[in-house]
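Throughout, protein chains are lettered first and strands after them, A, B, ... in sequence-line order, and every chain is numbered starting at 1.
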Protein chains: 2
Amino acid sequence: MPKLGMEPIRKEALVKATIVEIGRAGSLDVTVSQIARRAGMSPALAHHYFGGKEAIFLAAMRHVLSLYGAEVRGALAVAEGPQARLDAIFRVSFSATNFRREVVSAWLNFYVLAQSQADARRLLSVYQRRLRSNLLACLRPLHGHGAEALADSLGALIDGLYLREVLKEGPPDAETALRMLRDHLTDKGKDPNP
Amino acid sequence: MPKLGMEPIRKEALVKATIVEIGRAGSLDVTVSQIARRAGMSPALAHHYFGGKEAIFLAAMRHVLSLYGAEVRGALAVAEGPQARLDAIFRVSFSATNFRREVVSAWLNFYVLAQSQADARRLLSVYQRRLRSNLLACLRPLHGHGAEALADSLGALIDGLYLREVLKEGPPDAETALRMLRDHLTDKGKDPNP
DNA sequence: TTTTTTGTTGATTGACGAGTCAATAAACTT
DNA sequence: AAGTTTATTGACTCGTCAATCAACAAAAAA
């Protein structure tokens, strides 16, 4: 049976299964066995490829983050002007791929993980810095000073909207979330000192 | 040794120890033994008084929530006018008692808990509803329509600021957080249709 | 004073889960 | 054909932890 070149396939299956299982459990209280079973293999194989549970979680985190990052880059590539680019970032943050219960739950739990695992913290920091710098690039032309504070509050608002999603029932409401982000900016002094 | 009337004392000690331990671990991966040891008793006694780990967490959650609730009520009692009352809510949310690493970590983990435990979810929902209605009472006189959306985004922003605190290092910066909350409101159309 | 209630713990149980290992088998190399 | 690498798992080890229990101690009630 053993076909060669299984490693990437198995790893991907494990990473996806990890996200699903974290979503199901709503926490990191997920056994390697559960993950492996959902990914269609034995627990031993999961250990074989990743070496340990910690590494599996880390890989899952990287996956979510890089997926999000890629989507942002894609959206920015076709958006022209700061206003449009800003909105592109917003839309990606609440796109169907990212704003799903599973993924939101994963994010939340990654924040928890970041409190005790340095690698996880580093990854999250990278994401936060990237988001901040993306936002700043758009905000500076629109609101000269105050762009920094605005970027920070927008970041916090996005995270808060994610956080609150986990308590809601029913399908995620991206429209409402987007409206709040946009309203956060409207009526702010436009370009006070360019 | 056995003095009578220990129950409330023991319970309080356990609840406080729980919050400290959650803060230390940064997660709910905390054993009853750890909690009991920090509270100065045997694990068996913790089980005796609470019946199980789940109940200990729930009690800790109630403690944090009721402390916050009491502080809000106290601040509202001496604040006059919607503007002042609004700011009172903000200040309590980032007061020295509530905006501490331990407590912030506890909040975060309660959100996680809420995903898998119905009781925890109920408690958090109560808090959210209360916050929302407190905010609404202040916002309606100031911004007629749009008060609802504003209350929701303020709630999300508060949660987001808490969430982001767990990644920061150094002491919590309440001033900056407060500035963001206040800025979120400034320049919004005041009282468009009263 | 006996009995009951309340407080307290050491020792134990039973379950579960991460990680290891030896063994098997297919595919590639030489 | 013999040897090496890659894939795969069942069985096992070792540790941990929630929960239980029997036993002991002191206060209160009878």
Side-chain angles (χ1 to χ4, degrees), chain A residues 1-61 109-110 112-113 116-120, chain B residues 1-61 109-110 112-113 116-120:
Chain A
M1 290 207 183
K3 298 148 193 170
L4 289 217
M6 296 268 42
E7 180 158 351
I9 297 166
R10 294 301 200 186
K11 281 194 168 179
E12 197 194 321
L14 283 168
V15 160
K16 288 192 175 164
T18 302
I19 296 169
V20 173
E21 285 299 312
I22 289 178
R24 277 175 58 86
S27 76
L28 298 177
D29 254 324
V30 166
T31 70
V32 175
S33 300
Q34 283 167 18
I35 295 172
R37 191 171 330 124
R38 178 164 301 267
M41 70 196 79
S42 77
L45 198 54
H47 275 103
H48 174 66
Y49 281 125
F50 276 105
K53 197 184 186 174
E54 202 167 291
I56 299 180
F57 282 154
L58 251 283
M61 195 160 158
N109 281 290
F110 290 158
V112 171
L113 199 60
S116 58
Q117 231 189 288
D119 296 322
Chain B
M1 293 213 178
K3 300 146 195 172
L4 289 218
M6 293 305 298
E7 179 157 353
I9 296 167
R10 294 300 200 186
K11 280 193 169 179
E12 197 193 320
L14 283 168
V15 160
K16 287 190 176 165
T18 303
I19 295 170
V20 174
E21 285 299 313
I22 289 177
R24 276 175 59 86
S27 75
L28 298 176
D29 255 324
V30 165
T31 70
V32 175
S33 299
Q34 282 167 17
I35 296 172
R37 190 171 331 123
R38 178 164 299 269
M41 71 197 78
S42 77
L45 197 54
H47 275 104
H48 174 66
Y49 280 126
F50 276 106
K53 197 183 185 176
E54 201 166 292
I56 299 180
F57 282 154
L58 251 283
M61 195 160 158
N109 281 289
F110 290 158
V112 171
L113 198 60
S116 58
Q117 229 188 291
D119 296 321

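Within a 6.0 Å radius of NZ in B:K11, more than 12 heavy atoms belonging to other residues, nucleotides or ligands are found.
The distance between atom CD1 of A:I56 and atom P of C:dG17, rounded to the nearest whole Å, is 14 Å. Between the NZ atom of B:K11 and the P atom of C:dT6 there is a distance of 13 Å, rounded to whole Å. The interatomic distance linking A:K53 (NZ) with D:dG15 (P) rounds to 19 Å, in whole Å. Rounding to whole angstrom units, CG of residue A:L4 and P of D:dT4 are separated by 17 Å. Put simply, CD on A:E7 is 14 Å from C1' on D:dT8, counting in whole angstrom units. We find that NE2 of A:H48 is positioned 18 Å from P of C:dA23, with the value rounded to whole Å. The interatomic distance linking B:Q34 (CD) with D:dT16 (P) rounds to 12 Å, in whole Å. Taking atom CZ of residue B:R37 and atom P of nucleotide C:dT8, one finds them 18 Å apart after rounding to whole Å.
Which of C:dG7, D:dT9, D:dA7 sits closest to the side chain of A:S42 comes down to D:dT9. The side chain of A:L45 lies closest to D:dT8 when the candidates are D:dT8, D:dA18, D:dT6. For B:A44, taking side-chain heavy atoms from C-beta onward, the closest of the listed nucleotides C:dC21, C:dG10, D:dT8 is C:dG10. In this structure, the nucleotide among C:dG19, D:dT9, D:dA18 sitting nearest to the side chain of A:M41 is D:dT9. For A:M6, whose side chain is taken as the heavy atoms from C-beta onward, the closest listed nucleotide among C:dG7, D:dA7, D:dT9 is D:dA7. Distances from the side chain of A:H47 to the nucleotides C:dT20, D:dT20, C:dT8 place C:dT20 closest.
Residues B:L113 and B:N109 form no side-chain contact, since every pair of their non-hydrogen atoms from C-beta on lies 4.5 Å or further apart.
Contact between the side-chain N/O atoms of B:R10 and the OP1/OP2 oxygens of C:dT8 is found at a separation under 4.0 Å. Between B:Y49 and C:dT8 there is a side-chain polar atom (N or O) within less than 4.0 angstrom of OP1 or OP2.
Among the atoms of the strands shown, none is found under 4.0 Å from any heavy atom of A:F50. Counting any heavy atom pair closer than 4.0 Å across all strands shown, A:G51 reaches no nucleic acid atom.
Across B:R24, B:E21, B:R38, B:K53, a single residue satisfies side-chain contact (heavy atoms from CB on, under 4.5 Å) together with B:V30, and that is B:E21.
Positionally, the nearest nucleotide of DNA chain C for B:P8 lies more toward the 5' end than for the other of B:P8 and A:V30.
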